[in-house]
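Structure, as structure tokens:
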Amino acid sequence: MSTSVLRGEGLTMRFGGLVAIDSVDFSLRPGEILGIIGPNGAGKSTLFNVISGLYRASAGKVFLGERLLNGQAAHNVTRFGIARTFQSSRLFSDLSVLDNVIIGMHTRLRSGVLDALLRPSRARAELLMAAGHASELLAAVSTGLHAQRHRPACELAQADRRRLEIARALASDPKVLMLDEPSSGMDDRDTDALMNDIRAISAQRPDLSVMIIEHDMRLVAELPHRVMVIDYGRKIADGQFADIRSMPRVQEAYLGRRASNA
Ligand SMILES: Nc1ncnc2c1ncn2[C@@H]1O[C@H](COP(=O)(O)OP(=O)(O)OP(=O)(O)O)[C@@H](O)[C@H]1O
Ligand SMILES: [Mg+2]
């Protein structure tokens, strides 16, 4: 029996001649927070896109528990238990905060359009339950966000938009939560609050595993249990941040190059 909740074997993603992900092996344990770092263009988001079913891997395999995910459509991958946020915001800006979370539950709701037409009372009852559940979820993720649940998403501050994206991803009740640069655009204070939110979510759901792509080294040093470094699509290091940060390959690939870019 495998003890990993999510596992990649030889994952490869080619775009024409470009190898964006090159034979990457990884595994994620239940309850673990795994950080993913690497220079711009290293292939981090592509890895998420392959795992979440947006891209079809050119080679290699991804397993969620014992289930092979290759070839599954993104909505099925969500239904099986993987939820994610995107590097760029994908909220429905005109909809309320609460409605955005309800949309995140769509894979769990049973009523479809036909039910709404043929069995409107049942569909309405399910929607009311969903609204109640969404409200509880918001309160658990952030009381500040919960207080703003009837506001349109476009009126939220940047940090709250990020929080809402996380709440919406959690609404599908995932086993694995993948966050793509959740702290981007945040100042230190908001980043600290974000770390606390993620720790709280993790404490409330001990079995939830989190993969987090990040550039903020303070967050990377403090939050993840383990960090994986990607460079030119290849995994070049995997371990505790304190151990890998001083590795020459990591210094050269990530810290050195970014420092000279900055
Ligand atoms: N749909 C696509 N078609 C062609 N090339 C792509 C596509 N998506 C990503 N790439 C290329 O794959 C490489 C990896 O991109 P990716 O977005 O995964 O990097 P990243 O590590 O997330 O970078 P960043 O830190 O800037 O977000 C880049 O060279 C990018 O241009
Ligand atoms: Mg990216």
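Below, each value reflects all heavy atoms present in this structure, side chains not excepted, and no hydrogens, waters or symmetry copies. Everything quoted here is computed from the prediction, not taken from an experiment. Whatever order the structure lists ligands and atoms in, that order sets their numbers, starting from 1. Numbers here are sequence positions counted from 1.
Of the charged side-chain nitrogens involved, none lies within less than 4.0 Å of a carboxylate oxygen, so that R90 and E165 do not count as a salt-bridged pair. Ion pairing between a basic and an acidic side chain is recognised when a charged N comes within 4.0 Å of a carboxylate O; K235 and D238 show such pairing.
Distances from atom 31 (O) of ligand 1 to the protein include no heavy-atom value under 4.0 Å.
Nearest non-hydrogen protein atom to atom 25 (O) of ligand 1 is K44 NZ, 2.8 Å. Protein heavy atom closest to atom 1 (N) of ligand 1, with residue, atom name and distance, is Y55 OH, 3.1 Å. Atom 29 (O) of ligand 1 has as its closest protein heavy atom L18 CD2, 3.6 Å. Looking from atom 10 (N) of ligand 1 to the surrounding protein, the closest heavy atom is F15 CE1, 3.5 Å. Ranking protein heavy atoms by distance to atom 13 (C) of ligand 1, first place goes to G41 O, 3.7 Å. Residue, atom and distance of the protein heavy atom nearest to atom 17 (O) of ligand 1 are S45 CB, 3.9 Å.
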Step by step, work out the side chain to side chain donor-acceptor pair (under 3.5 Å) result for E214 and S183. CA-CA 7 Å; E214 258 300 334; S183 82; 2.9 Å; yes
Determine, step by step, whether F48 and F86 satisfy the ring-ring contact (aromatic ring centres under 6.0 Å, His included) criterion, reporting the C-alpha distance in whole Å, the side-chain angles of both residues, the deciding distance to 0.1 Å, and the verdict. CA-CA 9 Å; F48 274 18; F86 289 87; 9.4 Å; no
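Short contacts between ligand 1 and N40, defined as distances under 4.0 Å to a heavy atom of the residue, involve ligand atoms 23 (O), 24 (P), 25 (O), 26 (O). Taking every heavy atom of H215 and a limit of under 4.0 angstrom, the matching atoms of ligand 1 come to 25 (O). The contact set between ligand 1 and A20, taken as ligand atoms under 4.0 Å from a residue heavy atom, comprises 12 (O), 13 (C). When each atom of ligand 1 is checked for a heavy atom of E181 under 4.0 Å away, the hits are 25 (O), 27 (O). Close approach to Q87 involves these atoms of ligand 1, each under 4.0 Å from a residue heavy atom: 24 (P), 27 (O). Atoms of ligand 1 lying under 4.0 Å from at least one heavy atom of T46, given by number and element, are 9 (C), 14 (C), 15 (O), 16 (P), 18 (O).
Cation-pi geometry between R7 and F26 is not satisfied (NZ or CZ under 6.0 Å from the ring centre, within 45° of the ring normal).
A side-chain N or O of S45 and one of Q87 form a donor-acceptor pair less than 3.5 Å apart. In the model, R84 has a side-chain atom that pairs as donor or acceptor with a side-chain atom of S52 under 3.5 Å. With no hydrogens or angles considered, no side-chain donor-acceptor pair links R161 and N100 at under 3.5 Å.
At a 3.5 angstrom cut-off on N or O pairs, A42 counts as close to ligand 1.
Q87 contributes OE1 and S45 contributes OG; the angle these two atoms make at the Mg ion (ligand 2) is 80°, rounded to 10°.
Residue-environment remark: CD (E222) exceeds the threshold of 12 foreign heavy atoms within 6.0 Å.
Judged by the shortest distance from any of its heavy atoms, F48 lies outside the 4.0 Å radius around the atoms of ligand 1. The shortest heavy-atom distance from G43 to ligand 1 is under 4.0 Å.
Proximity of L164 to V141: side-chain heavy atoms (C-beta onward) are nowhere separated by under 4.5 Å. The closest side-chain heavy-atom distance from H146 to S135 is below 4.5 Å.
Of all the heavy atoms of I230, none lies under 4.0 Å from any atom of ligand 1, so neither backbone nor side chain is involved.
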